[in-house]
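To start, the structure itself, in structure tokens.
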Amino acid sequence: MRLTHKNYFTPFNTYLTASKIKDYLFDPYYFYRKHFLREIKEKSLDVFVIGSATDAWLTQGKRVFNKKFKVPKNRNLKNPPTTHTELTPAQFETVCGICEAVEKHDAYKDLKDHKPQVILKIDENLGDFFCGRAGILDWLQIKKNKAIITDLKTSNTINEYFYQKNCEEFGYYLSASMYCFLVEYNFPEVDKIEFRHLVVEKDRHNTYPIQTFILDPKKIQKAFSLLEETTLKIKKTKVWKPKNVSWKDAIKI
């Protein structure tokens, strides 16, 4: 199938993504109910709405942001619009603060010649439901044999120690391994990849400090082993059942 920005985040996207693999690692049966049966819908949490709005503004421009996100006088929570996402005044203020802060930094200005919101995919047989793997890269630049992938993140911290913990806890190395794999497949000339995070902190003082990080290739490669192992499990599983925990499963701590 042809993936676009309109159908990527819909049930019509039958490609396996990093976020779907994270759902499987959280709980296989939850993954099955969410992506096969479609019984579980993504909750519109404040952090996700702000992250999505920030991505739209900084990667696609304010004009696209204004089409996708609006601040109505009265929000329709029972029947929200399908053409755009409604923001509260507080959410809109946060998004403006984050984006205006990021736009001032050289790290952001240097991305002007990088291609934004790049959709990459690989068509392959991954079992009964998924037809391949895919991902959206916030920014991608390819020069000769080197690729630079830049991911925009909003975070509760830009402290080096705690942000590295976030990368492990939230599966950022796993996502990076998927994106690197997609780039290597679609651009065979690439043999060097630098994976970067442009991180803005949602601090309580609303000053929105910025930090740049370059992810360790060794950690990305280690995460790729988990990515491949999990993808193979998803491909081979035919019967999905909720886990029945016994005392044999007890973990010594």
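All figures in this text were calculated on a predicted structure; none of them were measured in a lab.
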Co-membership, hydrophobic cluster, residues Leu140 and Leu198, 4.5 Å side-chain: no
Neighbour count >12 (heavy atoms, 6.0 Å) for atom CZ, Phe36: yes
Separation of Phe213 CZ from Glu160 CD (nearest 0.5 Å): 7.0 Å
Whether over 12 other heavy atoms sit under 6.0 Å from Glu39 CD: yes
Close side-chain approach of Gln60 and Asp55, heavy atoms under 4.5 Å: no
Contact summary for Leu182 and Ala134, nearest pair of heavy atoms: CD1-C, 3.6 Å
Short side-chain to backbone donor-acceptor contact, Asn66 and Arg63, under 3.5 Å: no
Validation row, ring centre Phe129 to ring centre His35 under 6.0 Å: no
Check ion pair Arg196-Glu194 (N to O, under 4.0 angstrom): yes
Salt bridge (Lys or Arg N to Asp or Glu O under 4.0 Å) evaluation trace for Lys121 with Asp123: CA-CA 7 Å; Lys121 67 183 181 73; Asp123 292 313; 3.0 Å; yes
Donor-acceptor contact below 3.5 Å, side chain Tyr108 vs main chain Leu58: yes
side-chain contact (heavy atoms from CB on, under 4.5 Å) between Lys34 and Asp23, worked out: CA-CA 9 Å; Lys34 182 177 178 181; Asp23 285 339; 3.1 Å; yes
Check against side-chain contact (heavy atoms from CB on, under 4.5 Å), Lys219 and Gln164: CA-CA 11 Å; Lys219 292 181 179 179; Gln164 184 173 327; 2.5 Å; yes
Fellow cluster residues of Ile119, listed by chain then number, with links counted only when side-chain atoms sit under 4.5 Å apart: Met1, Leu3, Tyr8, Phe9, Tyr15, Ile136
Rounded distance [0.5 Å steps], NZ in Lys68 versus CZ in Phe65: 11.0 Å
4.5 Å side-chain heavy-atom contact, Lys202 and Asn156: no
Tyr29 atom OH, neighbour heavy-atom count above 12 within 6.0 Å: yes
Val183 side chain reached by Leu137 side chain, heavy atoms, under 4.5 Å: yes
Within-4.5 Å side-chain heavy-atom neighbours: Glu124 and Arg133: yes
Atom of Leu25, atom of Leu174 and distance for their closest heavy-atom approach: CD1-CD2, 4.0 Å
Asn7 (side chain) donor-acceptor with Arg2 (main chain) under 3.5 angstrom: yes
Same apolar cluster (I L V M F W Y, side chains within < 4.5 Å links), Ile149/Val200: no
Pairing of Lys70 and Glu86 as salt bridge, 4.0 angstrom limit: no
Hydrophobic cluster identity match, Ile142 and Trp139, side-chain contacts under 4.5 Å: no
His5 side chain vs Val118 backbone, donor-acceptor pair below 3.5 Å: no
Asp151 vs Phe195, side-chain contact (heavy atoms from CB on, under 4.5 Å): CA-CA, chis, key distance, verdict: CA-CA 8 Å; Asp151 213 359; Phe195 200 100; 4.2 Å; yes
Leu232 side chain reached by Glu228 side chain, heavy atoms, under 4.5 Å: no
Over 12 foreign heavy atoms within 6.0 Å of CZ, Phe170: yes
Ring geometry between Trp240 and Tyr24 (parallel below 30°, tilted from 30 to 60°, perpendicular above 60°): perpendicular
Closest non-hydrogen atom pair, Ser155 against Tyr163: OG-CD1, 3.7 Å
Minimal non-hydrogen separation, Cys167 against Tyr173, with atom names: CB-CE1, 3.6 Å
Partners passing salt bridge (Lys or Arg N to Asp or Glu O under 4.0 Å) against Lys233 (at least two apart in sequence or in another chain): Glu229
Nearest heavy atoms of Leu126 and Gly132, plus distance in Å: CD1-O, 3.4 Å
Reported CG-to-OH distance for the pair Leu215 and Tyr172, which is rounded to 0.5 angstrom: 10.5 Å
Between CG on residue Asn13 and CZ on residue Phe130, distance to nearest 0.5 Å: 8.5 Å
His114 side chain near Ile148 side chain, heavy-atom distance below 4.5 Å: yes
Lys22 and Ser175: side chain donor to acceptor below 3.5 Å: yes
Donor + acceptor pair across side chains of Asp249, Asn244 (<3.5 Å): no
Derivation and outcome, side-chain contact (heavy atoms from CB on, under 4.5 Å), residues Ile21 and Thr230: CA-CA 7 Å; Ile21 288 177; Thr230 308; 3.8 Å; yes
Check: Asp138 side chain, Leu152 main-chain N or O, donor-acceptor pair, under 3.5 Å: yes
Validation row: Glu103, Trp57 side chains within 4.5 angstrom (heavy atoms): yes
Joint hydrophobic cluster, Tyr208 plus Val199, side-chain heavy atoms closer than 4.5 Å: no
Shortest non-hydrogen contact from Val71 toward Thr88: CG1-C, 4.3 Å
Lys238: partners by side chain to side chain donor-acceptor pair (under 3.5 Å), with sequence neighbours left out: Asp128
From CZ (Phe69) to OG1 (Thr54), nearest 0.5 Å: 8.5 Å
Side-chain (Thr237) to main-chain (Val239) donor-acceptor, under 3.5 angstrom: no
Mutual orientation of the aromatic rings belonging to Tyr30 and Phe26 [parallel < 30°, tilted 30-60°, perpendicular > 60°]: perpendicular
Phe48 CZ to Thr85 OG1 distance, which is reported to the nearest 0.5 Å: 14.0 Å
Hydrophobic cluster membership, Phe31 vs Val245, 4.5 Å side-chain cutoff: no
Lys146 and Gln141 side chains, donor-acceptor separation under 3.5 Å: no
Validation row: Asp216, Ile220 side chains within 4.5 angstrom (heavy atoms): no
